[in-house]
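Data block below; observations after.
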Amino acid sequence: CQTVGNFSLSITLPLFIVIVLQKGLKENFADAQVSVVDCPDLTQEPFNFPAKGICGKPRIADVGGVPYLIPVVQKEKVYDLNTVAKDIELPGAFILGAGAASSKILGVNAELIPIVQTKNEKKPAVNGSYIAQINPADKGCLLEKYSSKYTDCEFGLLANLYASEGQPGKVIEVKANGRTGELNFVSCLRQILEKHYGEKPVGMGGTFIIQKGKAKIHIMPPEFSACPLNTDEDVNNWLKFFEMKAPLICQPVIVSRDPGFDLRVEHTHCFSHHGEGGHYHQDTSPDSVQYLGYLLPAELLFRIDRPQETHLVGRD
């Protein structure tokens, strides 16, 4: 039985969070503008999502965890996004985020970029997800639309998910250009929130585009490690790192501070329309990088199937 725990996140007024984010971003970027806008139609380019927006009962789910991947993989840990939607009390939810693909379905290990309108009583699920894996032919990135090969909504081991009713509405638009600090875009947002809200956890999710520049991205190898991965160095030696070029469409899930749920407090996966994608680490072209994001604070946090034995390795 997979246990589900939930926690009410601190709700912050969008206009107030705008001021907090803009001030903080300007310490890490040459130019930053934050405002409240109508969510663009996410069914259009470059997103092509199955839902128009990220509004309506926004919530975050942290499912499974890195301890199911390392030091030694637990392949039996498989989940379904339609079930997660019910677990977070939002059947039919539109879900974005970052996770691992189900090796039972794919036959190999891979990154999952979940983009799913889950099923409800009237409509079947629409799976707009991508998978990024190591191309056996040239050891480069192989990015594919999930629905081109598979019909399910499964994932494995771990996922960090932002869920909503997928409605249009007001969102927080974040523009940040020219990185001057050390933090990546997502870490910068999270640390601004943690610094301002302290003990009160604030969660955010949505989507952002790296419009210009390049980024450091990893993809897990197709084979799980035969040797236990006990340190961050072990993990980094196992992962395959790439420099990928913009535009990259990224789905971040952020919680400013862990309220004792053993969370991964930030996790972002990205895809593109030029065959590149995976797990976002950092832009590698600070002078020229341009970020454009549409985000929303979440109201609730759900912790599903929390690992009993845990560690802090491999959470970057």
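Gly24 approaches Cys188 most closely through the heavy-atom pair O-SG, 4.4 Å.
A donor-acceptor pair shorter than 3.5 Å cannot be found between the side chains of Ser147 and Asn127. Looking at Glu266 and Ser187, their side chains do bring a donor and an acceptor atom within 3.5 Å of each other.
A salt bridge links Lys77 and Asp305; the closest N-O separation between the charged side-chain nitrogens and carboxylate oxygens is under 4.0 Å. Salt-bridge check for Glu199 with Arg257: passed, with a basic side-chain N closer than 4.0 Å to an acidic carboxylate O. In this structure, Lys214 does not pair ionically with Asp283, as no charged nitrogen and carboxylate oxygen lie closer than 4.0 Å.
For residues 161-186, the ring-ring contact (aromatic ring centres under 6.0 Å, His included) pairs, not counting sequence neighbours, are Phe185-Phe208, Phe185-Tyr291.
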Can you give me every donor-acceptor pair (side chain of residues 241-252, partner residue at least two apart or in another chain, under 3.5 Å) with its distance?
residue, atom, partner, partner atom, Å
Glu243, OE2, Thr284, OG1, 2.7
Gln251, OE1, Thr207, OG1, 2.8
Gln251, NE2, Ile249, O, 3.4

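Between Met204 and Leu296, the closest side-chain pair of non-hydrogen atoms is not below 4.5 Å.
In summary, the aromatic rings of Phe271 and His269 are positioned with their centroids too far apart to meet the 6.0 Å limit.
No chain of hydrophobic side-chain contacts below 4.5 Å, direct or via other Ile, Leu, Val, Met, Phe, Trp or Tyr residues, connects Leu183 to Val186. Under a hydrophobic clustering in which Ile, Leu, Val, Met, Phe, Trp and Tyr are joined whenever their side-chain heavy atoms come within less than 4.5 Å, directly or via other members, Val126 and Phe155 fall into different clusters.
Between His279 and His281, the ring planes are tilted. Angles from 30° to 60° get that label. Classification of the Phe49-Phe94 ring pair by plane angle, with boundaries at 30° and 60°, yields tilted.
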